[in-house]
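Input: a single structure, listed below in structure tokens.
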Amino acid sequence: MTTDADPVPGGRPGEPRRAAALAADLSARDVRGIVLAYVDTAGVGRVKTIPTARLEAAVSRGVGMSPVFDTFLAHDRVVTTDVLGSPDGDLRLYPDLDQLVVLAGQPGWAWAPVDRITQEGGRHPGCSRTFLRRVVADAAERHGLAFKAAIEIEWSLGLDSAPAGEFVPAVSGPAYGAIRQVEMSDYGADLLAACAAQGLDVDQLHPEYAPGQFEISVGARDPVAAADRSVLVRQTVRAVARRHGLRVSFAPAVSGEGVGNGGHLHLSCWRDGVNLHAGGGRRYGMTAEAESFAAGVLARLPALTAVTAPSPASYLRLRPSQWAGVFTGWGRETREAALRMVTGTAGRHEQDANMEVKPVDLAANPYLALGCVIAAGLDGVTAGRALPDEITGDPARYGPDEAAALGVRRLPRSLPEAVEEFRADPVLRSALGPVLADAVTAVRLGEAADVDGLGPDRIAAAYRWTY
């Protein structure tokens, strides 16, 4: 399926002229270069940059980039599939002008996400942004559904002056504590100013649980824009931190023990402007379709972890009783459930009700994560899947019989276990297509092989500054 938003050689009608005007405006504002950004299969942000004057050419002809990055690991070793991993060939990066933004945290630069197409103008089957857009378009065509999504961003703030290989928190004080907010007051204010200048509507910015940890939440958008925003927010968090002499880690775990960094995914289904998670006749106001959507996601969570928790370090975070949602189960405002139903406060149900998918971290490619979660939910809608009984409290307390009765099972404890679940899941593999599905498998197994035999501390150290 193609959409009107897909790039085409020569640019979509009117785009080259628009790009030329944008380039002139950016140059007048002293913007010298443009970051062209995408996320690879391993969850690593990759970029090429162009002088501002080359924007029209980029929109018309694209910018070259090897397809080999589809099978790069987080530490740049290359694995292969039957069609990916070769040094041969080229792709073209096409910037999305609708999402181009001047970077307040990096004076002199602008930023835009890209789609990747072949030199012949065809859709590249390994492009995760194109994949997500296709899933969203298919949902609209087959089910009349649209979505609003947002991704929470947690990060650990460290001292740039720390000894090599170590993480030293840049701030002290208790979890959610006022001490941290005061100590990072200037940094936080500059971060909020940068987000505002870039058109990012921030809902919250606050200290989090782990040492040196913070979280920022931005407003919901359509899934593609939400994934773009996730990448842009991280670019901004890191850039502002560098200007304050600080270092940022979005890794799932910065140490072998303790609470890690999450990237919880919030998602709601809509039809004709109506939120299907509110005002319905099912539990907590959900409609039958919203329940079936949630049931589809819940049923495929073990396989989804290969996409939403894609790093060996992810499984240092996915531990019971740490609010990471490591057991299949759902509940209203239950923070140990893998699916948390958020109903919103009185008077805001119709706007705010959504479901939160908790076993997600920021090693995940946000386009793959959102696309696969939506594909799982749509399968639940198609099948009319029923949502099981709600859980309350911490599911780690359940005995085997009670857990079985509620359909509660532990999510994979390691990346290889997650890959086995993913390989056995026809819905996710079909949604991704064989090229992208095989890339996911190859990259995950490559990451697992690279840390085979390492203990938790060494795994955390290996990925601490990768994401």
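- Residues Arg133 and Asp6 are paired through a salt bridge, judged by an N-O separation under 4.0 Å between the basic side chain and the carboxylate.
- No hydrogens or angles considered: nothing links the side chains of Glu421 and Thr305 as a donor-acceptor pair under 3.5 Å.
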Worked verdict on Phe327 versus Arg410 for side-chain contact (heavy atoms from CB on, under 4.5 Å): CA-CA 5 Å; Phe327 293 93; Arg410 179 78 152 83; 3.8 Å; yes

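- Looking at heavy atoms from C-beta onward, Arg116 lies out of side-chain contact with Thr130 at the 4.5 angstrom threshold.
- The two residues Pro456 and Leu316 have their closest heavy-atom pair at O-CD1, 3.5 Å.
- Looking at every heavy atom in both residues, Ala375 comes nearest to Ala431 through CB-CB, 3.6 Å.
- A salt bridge links Arg46 to Asp76: at least one charged side-chain nitrogen sits closer than 4.0 Å to a carboxylate oxygen.
- Of the N and O atoms on the side chains of Tyr315 and Glu417, not one donor lies less than 3.5 Å from an acceptor on the other residue.
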Pair Arg18-Asp98, salt bridge (charged side-chain N to carboxylate O under 4.0 Å, His left out): steps then yes or no: CA-CA 11 Å; Arg18 179 186 174 195; Asp98 290 337; 2.9 Å; yes

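- Using the six-membered ring where Trp is involved, Phe293 and Phe147 have ring planes that are tilted, between 30° and 60° apart.
- His264 places none of its side-chain heavy atoms less than 4.5 Å from the side chain of Val360.
- What you find for Pro412 and Ala418 is that their closest heavy atoms are CB-N, 3.6 Å.
- Under a 3.5 Å cut-off, the side chain of Thr81 and the backbone N or O of Ala439 do not form any donor-acceptor pair.
- Between Phe69 and Phe72, the ring planes are tilted. Angles from 30° to 60° get that label.
- Remark: the backbone N or O of Ala137 is not paired with any side-chain donor or acceptor of Glu141 at under 3.5 angstrom.
- Looking at Arg134, its side chain never comes within 3.5 Å of a backbone N or O of Gly371 through a donor-acceptor pair.
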Verdict with supporting geometry, Ile151 and Val233, side-chain contact (heavy atoms from CB on, under 4.5 Å): CA-CA 10 Å; Ile151 300 172; Val233 168; over 6 Å; no

Asp228 and Tyr367: CA distance, side-chain angles, deciding distance, side-chain hydrogen bond (donor to acceptor under 3.5 Å, both in side chains) verdict: CA-CA 8 Å; Asp228 291 340; Tyr367 305 97; 2.5 Å; yes

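- Separating the NZ atom in Lys358 from the NE2 atom in His266 is a distance of 7.5 Å, to the nearest 0.5 Å.
- Taking CD of Gln198 as the start and CG of Leu232 as the end, the distance is 5.0 Å to the nearest 0.5 Å.
- With hydrogens and angles ignored, the 3.5 Å screen pairs no side-chain donor or acceptor of Thr334 with any backbone N or O of Thr392.
- Looking at Arg423 and Thr441, their side chains never bring a donor and an acceptor atom within 3.5 Å of each other.
- The closest side-chain heavy-atom distance from Ile391 to Tyr398 is below 4.5 Å.
- Looking only at distances, no side-chain donor or acceptor of Glu291 sits under 3.5 Å from a matching main-chain atom of Arg385.
- For the atom pair CG (Asp450) and CZ (Arg77), the distance works out to 4.0 Å, reported to the nearest 0.5 Å.
- There is a side-chain donor-acceptor pair under 3.5 Å between Asn261 and Ser156.
- For Thr308 (side chain) and Pro359 (main-chain N/O), a donor-acceptor pair under 3.5 Å exists by modelled atom type.
- For the pair Thr71/Thr80, no side-chain contact is recorded, criterion being any heavy-atom separation below 4.5 Å from C-beta on.
- A heavy-atom distance below 4.5 Å is found between the side chains of Leu73 and Val79.
- For the 3.5 Å distance criterion, the side chains of His206 and Gln181 fail to qualify, holding no donor opposite an acceptor.
- The two atoms that bring Arg282 and Thr287 nearest to each other are CG-C, 3.8 Å, heavy atoms only.
- Formation of a donor-acceptor pair under 3.5 Å by the His349 side chain with backbone atoms of Thr343 is found in this model.
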Evaluation steps, side-chain contact (heavy atoms from CB on, under 4.5 Å), between Thr466 and Val44: CA-CA 7 Å; Thr466 302; Val44 174; 4.1 Å; yes

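- Remark: the Gln351 side chain and the Asn275 side chain contain no N/O donor-acceptor pair separated by less than 3.5 Å.
- Side-chain atoms of Ile216 and Cys195, non-hydrogen and from C-beta on, do get closer than 4.5 Å to each other.
- A donor-acceptor distance shorter than 3.5 angstrom exists from the side chain of Glu390 to the backbone of Arg332, with no hydrogens or angles considered.
- For Trp465, the CH2 atom is densely surrounded, since the number of other residues' heavy atoms within 6.0 Å is greater than 12.
- To the nearest 0.5 Å, the span separating SG on Cys127 from CG on Asp115 amounts to 5.0 Å.
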Check against side-chain contact (heavy atoms from CB on, under 4.5 Å), Trp111 and Thr236: CA-CA 10 Å; Trp111 176 95; Thr236 306; over 6 Å; no

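- Considering every non-hydrogen atom in both Pro366 and Val231, the closest pair reads CG-CG2, 4.1 Å.
- Arg340 is not listed as a side-chain neighbour of Trp330, based on a closest heavy-atom distance of 4.5 Å or more.
- Here the side chain of His277 pairs a donor or acceptor atom with the backbone of Cys269 at under 3.5 angstrom.
- The CG atom of Leu267 lies 10.5 Å from the CG atom of Leu339; values are rounded to the nearest 0.5 Å.
- Between His75 and Tyr463, the ring-plane angle classifies as tilted under the 30° and 60° cut-offs.
- With Arg429 contributing its side chain and Phe422 its backbone, the two residues share no donor-acceptor pair below 3.5 Å.
- Considering CG of Leu411 and OG of Ser314, their distance stands at 12.0 Å, rounded to 0.5 Å.
- In this structure, Trp323 and Glu336 have side chains that are in contact, with non-hydrogen atoms separated by less than 4.5 Å.
- Heavy-atom minimum distance, Thr118 versus Leu91: CA-CD2, 4.1 Å.
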